[in-house]
Every structure is written in C-alpha cells, then in structure tokens.
Asks: 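What follows is a structure written as structure tokens; I'll ask about it next.
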2 protein chains.
Amino acid sequence: MSKNHDPRDETSGKGAALGDQAYAVLKEKLLRGSFRPGEKLTVRKIAQEFGLSSTPARDALNRLAIQHALVYAGPKTVVVPNLTLSQLREVTEMRLALEGLAAEKGAAKASPEILFQLEEAQNRINSALDKHAYTDALWANKEFHFLLYGCSNMPILISTIEQLWLRIGATLHHLYPDFAISRSGVTNHRAAMEGLQNGEPAEVRAAIEADIRDGYRQLRRAISEQ
Amino acid sequence: MSKNHDPRDETSGKGAALGDQAYAVLKEKLLRGSFRPGEKLTVRKIAQEFGLSSTPARDALNRLAIQHALVYAGPKTVVVPNLTLSQLREVTEMRLALEGLAAEKGAAKASPEILFQLEEAQNRINSALDKHAYTDALWANKEFHFLLYGCSNMPILISTIEQLWLRIGATLHHLYPDFAISRSGVTNHRAAMEGLQNGEPAEVRAAIEADIRDGYRQLRRAISEQ
DNA sequence: CGCAATTTTTTGTTGCATCAAAATTGAAAA
DNA sequence: TTTTCAATTTTGATGCAACAAAAAATTGCG
C-alpha cells in the first residue's frame with residue numbers, strides 16, 4: 001500500500017512510499033498537458049527516469065491507469081490518452097453536472113476572503129495570458145476553479161472532478177503552442193466572482209457552466225484540427 | 001500493468017492478469033455489503049486466501065484503495081470503509097447529479113426491448129423481497145439501475161457511478177439482517193418504466209432521483225442506529 | 001487495576017531475477 | 001513496393017526474500 005496515508009486529504013499522497021513521488025510528477029505533467037497524447041510509457045523507462053526499481057514504478061503507472069489518466073492501447077502498452085470527440089462530450093456533460101454542483105455549493109458556503117484569492121488567481125491568469133504563457137494560464141485557471149470548489153467542503157466530489165480534469169489533461173497538449181487561449185474565460189470568471197459577492201450561488205453556477213462550455217468548444221476545435 | 005486490457009470496456013477487467021480475479025471477487029463482496037465495515041484487509045491474508053504471491057494481492061488491494069472502495073485507517077492498515085453521515089450525504093448529492101444524467105440520457109436512447117429486461121430485473125427484485133433475500137434484492141436492484149444507465153452510451157459516466165456505489169457498498173452491511181428493505185423502491189422503478197414507455201426522459205430521471213432519495217433515507221437510518 | 005514503555009509480531013514496500021506474452025524489427029515472398 | 005511471417009527484443013507479471021516501520025502483545029510501574 002502506498003499513496004494516501006492521510007485519511008483527511010483525498011488528493012494528497014502524503015504517505016512516504018517511494019513511488020508516490022513518481023506518481024505525483026507524472027500526474028502533474030498529465031494535468032498540464034506536457035505529454036504528447038499517444039506517447040507510450042513503460043515501467044522500465046519510468047523506473048530508470050526516477051531511479052527506482054520496477055515495482056514502485058509499476059505502481060505509479062498502475063495508479064494512473066486505474067484512474068484512466070493513462071489508457072491501454074494494447075495488453076502491454078499504456079499510452080497517454082487522446083480523447084475522442086465523443087469522450088470529450090461525455091466528460092463535458094459530467095463536468096457540467098459535477099462542477100455545477102461544486103460551484104453552487106462552494107458559493108453558498110464560501111467565506112468572504114475567498115474573493116481575494118480568486119482575484120489573485122485571476123490576475124495570474126491574465127498576466128500569463130499577456131505573456132502568452134499558456135501553460136501557466138491553464139495552471140492558474142485550474143487553481144481558480146478548485147479554489148471555488150474547495151469551499152464546498154465536499155472532498156469526494158472534488159477528487160472526482162479532479163479525475164475528470166486528469167482525463168482531459170493530455171488533450172490540452174493540442175492547444176500548444178500555436179493555439180492562443182481565448183479570453184472568454186475571463187468574462188465567465190468575473191461573472192462567477194460577481195455572483196459570489198452578491199450571494200447568488202445559482203449565478204455562480206451558471207457562470208462556471210458557461211466557462212466549461214467555452215472550454216469545450218475550444219478543445220473540440222483542437223481535437224478536430226489535429 | 002494488470003486490469004483493463006480491453007479499452008472498449010471501462011469496467012470489465014477482462015485482461016488475464018492473476019490479481020484480477022482477486023480484485024473482481026473483492027469488489028463484488030464490497031458491492032454486496034458482505035464485508036463488515038472496519039474489517040481490516042492485509043496483503044498476506046488476501047494472498048493466502050486466493051493462493052497468490054503478495055505482488056498481485058497487493059495490486060488488487062491497491063486498486064480498491066485508490067478507488068476508495070477501501071480506505072486507510074493508518075499508514076499500514078486498509079479497512080473496509082464505514083461512511084459517515086456527511087460522506088453519505090455527499091455521495092448522495094453526487095449520485096443525484098450523475099445518475100439523474102445517466103437515467104435521462106439512457107431513457108432518451110433506450111431501445112424498446114430494454115423494457116422487458118427492466119421488467120425482468122424488477123421481478124427478481126420482488127421475488128427476492130418476498131423471500132426476504134435482501135442480498136439478492138440489492139443485487140437485482142443494481143442490475144435494474146445499470147441496465148437503464150447502460151443505454152446512455154456513456155461509459156465514463158457509468159464507471160464513475162459504479163465507483164460511487166462501491167463507496168457506499170460496505171455500508172449496506174448495516175442493513176442486514178434485521179433491516180427489511182422498504183418497498184418504496186418498487187414504486188419508483190415502476191414510475192421509471194412508465195416514463196420510459198411514454199418517451200418522457202425527464203420523468204424517468206425524476207423517478208430515479210426519488211429512488212436515490214428513498215435509499216438515502218434508509219441508509220441514513222441504518223448509519224444512525226449503528 | 002490501569003496505564004505506559006518495551007518487546008515481539010505483523011505488515012507494506014522494495015529490489016530483483018525469471019517467465020511468458022506482446023511488440024518490434026527485419027527478411028523473404030509476391 | 002507492399003505484405004506476410006518469423007526472429008528478436010522489449011515489456012509486464014509474478015514470486016520471493018529482506019528491510020523498515022507500524023501494530024499488537026506483554027511487561028513493569030504507579
């Protein structure tokens with residue numbers, strides 16, 4: 001048993017196990033879209049890359065494969081997933097349901113100081129966008145969303161949402177580097193913050209849903225062109 | 001890598017790996033609530049029970065732990081989870097969102113012959129209820145739900161829902177044997193089938209949501225008393 | 001008798017060698 | 001040139017022993 005030795009945190013992986021670090025690094029790379037979809041990952045390569053024996057390396061890959069952050073292309077080949085259009089559509093519908101819920105609950109329970117943190121995340125998104133640092137923009141975007149969701153006090157919901165992001169993650173690769181990220185998200189985020197300030201959870205939910213839909217259109221385009 | 005060697009099926013575990021059988025058996029026992037919540041599972045016990053070495057046994061436990069079908073009670077102790085009330089509430093809200101979606105989409109895409117299969121599952125539920133065979137009733141109930149959800153053609157959604165059921169599963173143990181299962185589910189299922197027959201997906205969704213809420217009340221009672 | 005410290009046992013993790021199966025490569029045939 | 005098939009290499013799975021850490025049992029003290 002490795003991973004989650006800390007029952008309080010659904011996401012962490014605080015436990016001391018060796019393969020945990022490999023898991024964490026791989027997961028973040030996936031989330032950031034740093035992998036080329038279709039790229040093949042092997043136990044021995046990971047083991048060597050992280051200076052581990054095969055057992056913990058295999059564990060790390062297994063964990064990602066179970067969550068479908070990696071998928072099987074053959075009986076003995078795990079690759080970075082490349083979402084089909086129909087899969088993207090499916091994940092988007094699930095995101096609307098789940099993140100809509102998280103946004104609404106989060107908005108209902110949020111404490112006032114969260115607004116400052118959201119503002120700060122938004123600033124980071126904007127400045128990254130200005131610098132055309134899309135990777136950073138996407139990362140700050142993730143923080144914005146999960147900052148809001150985190151207010152919901154629903155750890156199971158949040159970890160499920162994170163798994164959906166993980167599934168999409170690799171596909172983000174197709175957005176680089178030629179593809180600029182539209183600023184439509186900015187408007188949605190601002191609407192969410194306004195709704196939050198005025199104590200209108202339903203409004204926040206609507207804004208987040210609009211944001212997800214906008215993102216969907218962008219990814220759909222990227223997938224189609226690729 | 002073990003598990004899902006078949007990319008077409010999100011749930012199966014068709015691959016030939018040795019630990020897969022252990023995983024499947026454990027998973028079904030969890031889903032059926034055959035485990036006593038809090039029960040401690042160890043790698044060596046599982047290995048011996050299934051006649052395996054520790055590696056595949058550990059894999060099986062790991063897979064379940066990652067999905068939170070088992071949870072950590074300490075750094076070196078995985079136990080069968082015992083949902084708290086707040087966790088049950090959270091899972092229920094997620095189920096409403098996700099299974100509501102699956103029910104509606106499934107109803108929209110269902111072919112006519114599904115009605116017969118649902119009818120058949122319902123009959124099995126009824127006769128199991130008559131015989132006070134609660135385990136069987138719950139199992140047939142699961143089949144009823146997933147038969148409907150399966151029509152949605154949304155494999156990611158379905159596997160996510162299954163994970164939620166897995167999380168609840170062990171808690172069902174508290175329903176045995178003193179606790180009869182109310183027949184309220186029968187009404188909801190019949191309403192779902194009627195809605196399906198009349199081509200009213202929204203009605204089907206409402207029926208399933210009602211069913212989930214009824215089940216929630218029952219479990220809540222079981223948890224409180226225990 | 002209860003509680004804390006300590007010893008003993010149990011347990012998960014890791015490294016590694018081995019094996020069968022799959023993926024890849026290359027050669028031969030069409 | 002393309003395709004098929006066989007040889008070769010790579011790869012994941014498994015068993016097992018050793019180790020450190022945690023859990024359980026036991027002892028000793030108040």
Side-chain angles (χ1 to χ4, degrees), chain A residues 1-8 12-26 35-82, chain B residues 1-8 12-26 35-36 38-81:
Chain A
M1 232 98 309
S2 37
K3 65 256 56 130
N4 226 344
H5 290 186
D6 188 346
R8 288 157 297 170
S12 77
K14 277 280 290 302
L18 244 194
D20 288 357
Q21 191 205 347
Y23 170 77
V25 172
L26 256 18
F35 279 119
R36 171 178 51 80
E39 188 171 343
K40 185 176 160 187
L41 296 184
T42 68
V43 171
R44 284 172 174 83
K45 291 248 187 62
I46 300 296
Q48 188 171 10
E49 185 176 336
F50 288 88
L52 305 167
S53 82
S54 69
T55 311
R58 194 169 72 95
D59 274 5
L61 287 185
N62 265 336
R63 283 164 75 180
L64 291 167
I66 290 167
Q67 305 179 282
H68 304 279
L70 297 176
V71 301
Y72 290 90
K76 285 205 181 180
T77 18
V78 277
V79 301
V80 177
N82 203 1
Chain B
M1 233 96 311
S2 38
K3 62 254 59 119
N4 229 343
H5 290 187
D6 188 348
R8 288 157 297 172
S12 78
K14 276 280 289 303
L18 244 192
D20 288 357
Q21 192 204 347
Y23 170 77
V25 172
L26 255 18
F35 278 118
R36 172 179 49 81
E39 189 170 343
K40 184 176 160 188
L41 297 184
T42 69
V43 171
R44 285 171 173 84
K45 291 250 187 61
I46 301 296
Q48 187 171 12
E49 185 175 336
F50 288 89
L52 305 168
S53 82
S54 69
T55 311
R58 192 170 73 98
D59 274 6
L61 286 185
N62 265 336
R63 282 164 75 180
L64 291 167
I66 290 167
Q67 305 179 282
H68 303 279
L70 298 176
V71 301
Y72 289 90
K76 286 204 182 182
T77 20
V78 278
V79 301
V80 177

Asks: For a quick check of understanding: with a heavy-atom distance under 4.0 Å over all strands, which category does A/Ile46 fall into, base, sugar-phosphate or nothing?
Replies: nothing

Asks: Which pair of non-hydrogen atoms, one from B/Pro81 and one from B/Ala69, has the smallest distance, and what is that distance?
Replies: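 Closest pair (atom of B/Pro81, atom of B/Ala69, distance): CD-O, 3.1 Å.
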
Asks: I need the CG-C1' distance between B/Leu41 and C/dG12, as an integer number of Å.
Replies: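 Interatomic distance, CG of B/Leu41 to C1' of C/dG12: 14 Å.
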
Asks: Which residues pass the side chain to side chain contact (heavy atoms under 4.5 Å, CB included) test with A/Thr42, sequence neighbours left out?
Replies: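 Residues passing side chain to side chain contact (heavy atoms under 4.5 Å, CB included) with A/Thr42: A/Lys40, A/Lys45.
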
Asks: Please state how far atom NZ in A/Lys45 lies from atom P in D/dT10, giving the value in whole angstrom units.
Replies: 10 Å

Asks: Indicate the atoms forming the closest heavy-atom contact of B/Gly19 with B/Ala60, along with that distance.
Replies: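 Here B/Gly19 and B/Ala60 meet closest at O-CB, 4.0 Å.
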
Asks: In this structure, how many angstroms lie between the P atom of D/dT11 and the CG atom of A/Asn62, rounded?
Replies: 16 Å

Asks: In this structure, how many angstroms lie between the P atom of D/dG15 and the CZ atom of B/Arg58, rounded?
Replies: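 Taking atom P of D/dG15 as the reference, CZ of B/Arg58 is at 14 Å.
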
Asks: Sequence neighbours excluded, which residues qualify as side chain to side chain contact (heavy atoms under 4.5 Å, CB included) partners of A/Arg44?
Replies: none

Asks: With a 4.5 Å limit on heavy-atom distance, are the side chains of A/Val79 and A/Leu70 in contact?
Replies: no

Asks: Tell me, do A/Leu52 and A/Leu18 make a side-chain contact under 4.5 Å, heavy atoms counted?
Replies: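 Result yes, sub-4.5 Å side-chain heavy-atom pair found.
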
Asks: For A/Phe50 and C/dT14, give me the distance from atom CZ to atom C1', rounded to whole Å.
Replies: 17 Å

Asks: Look for any protein N or O under 3.5 Å of an N or O in nucleotides 21-24 of chain D and output each such pair with its distance, or none.
Replies:
{"unit_1": "D/dA21", "atom_1": "N3", "unit_2": "B/Lys76", "atom_2": "NZ", "d": "3.3"}
{"unit_1": "D/dA23", "atom_1": "OP1", "unit_2": "B/Thr77", "atom_2": "OG1", "d": "3.4"}

Asks: Please enumerate all protein N or O atoms sitting under 3.5 Å from an N or O of nucleotides 15-17 of chain C, with distances to 0.1 Å.
Replies:
{"unit_1": "C/dG15", "atom_1": "OP2", "unit_2": "A/Ser53", "atom_2": "N", "d": "3.0"}
{"unit_1": "C/dG15", "atom_1": "OP2", "unit_2": "A/Ser53", "atom_2": "OG", "d": "2.6"}
{"unit_1": "C/dG15", "atom_1": "O5'", "unit_2": "A/Ser53", "atom_2": "OG", "d": "3.3"}
{"unit_1": "C/dG15", "atom_1": "N7", "unit_2": "A/Thr55", "atom_2": "OG1", "d": "2.8"}
{"unit_1": "C/dC16", "atom_1": "N4", "unit_2": "A/Thr55", "atom_2": "OG1", "d": "3.1"}

Asks: Can you name the nearest heavy-atom pair linking B/Tyr72 to B/Val78, along with the distance?
Replies: CE2-CG1, 3.7 Å

Asks: Tell me the interatomic distance from B/Arg44, atom CZ, to D/dG15, atom C1', rounded to whole angstroms.
Replies: 13 Å

Asks: Do A/Tyr23 and A/Asp59 come within less than 4.5 Å of each other through their side chains, counting heavy atoms only?
Replies: no

Asks: Expressed as a whole number of angstroms, how long is the span from A/Tyr72:OH to C/dA21:C1'?
Replies: 15 Å

Asks: Could you tell me the separation between the OH atom of A/Tyr23 and the P atom of C/dT14, rounded to a whole number of Å?
Replies: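 One finds 15 Å between P of C/dT14 and OH of A/Tyr23, rounded.
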
Asks: Looking at residues at least two apart in the chain, or sitting in another chain, which of them share a side chain to side chain contact (heavy atoms under 4.5 Å, CB included) with A/Thr55?
Replies: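 Testing A/Thr55 for side chain to side chain contact (heavy atoms under 4.5 Å, CB included), a comparison that skips the adjacent residues, returns A/Ser53, B/Arg58.
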
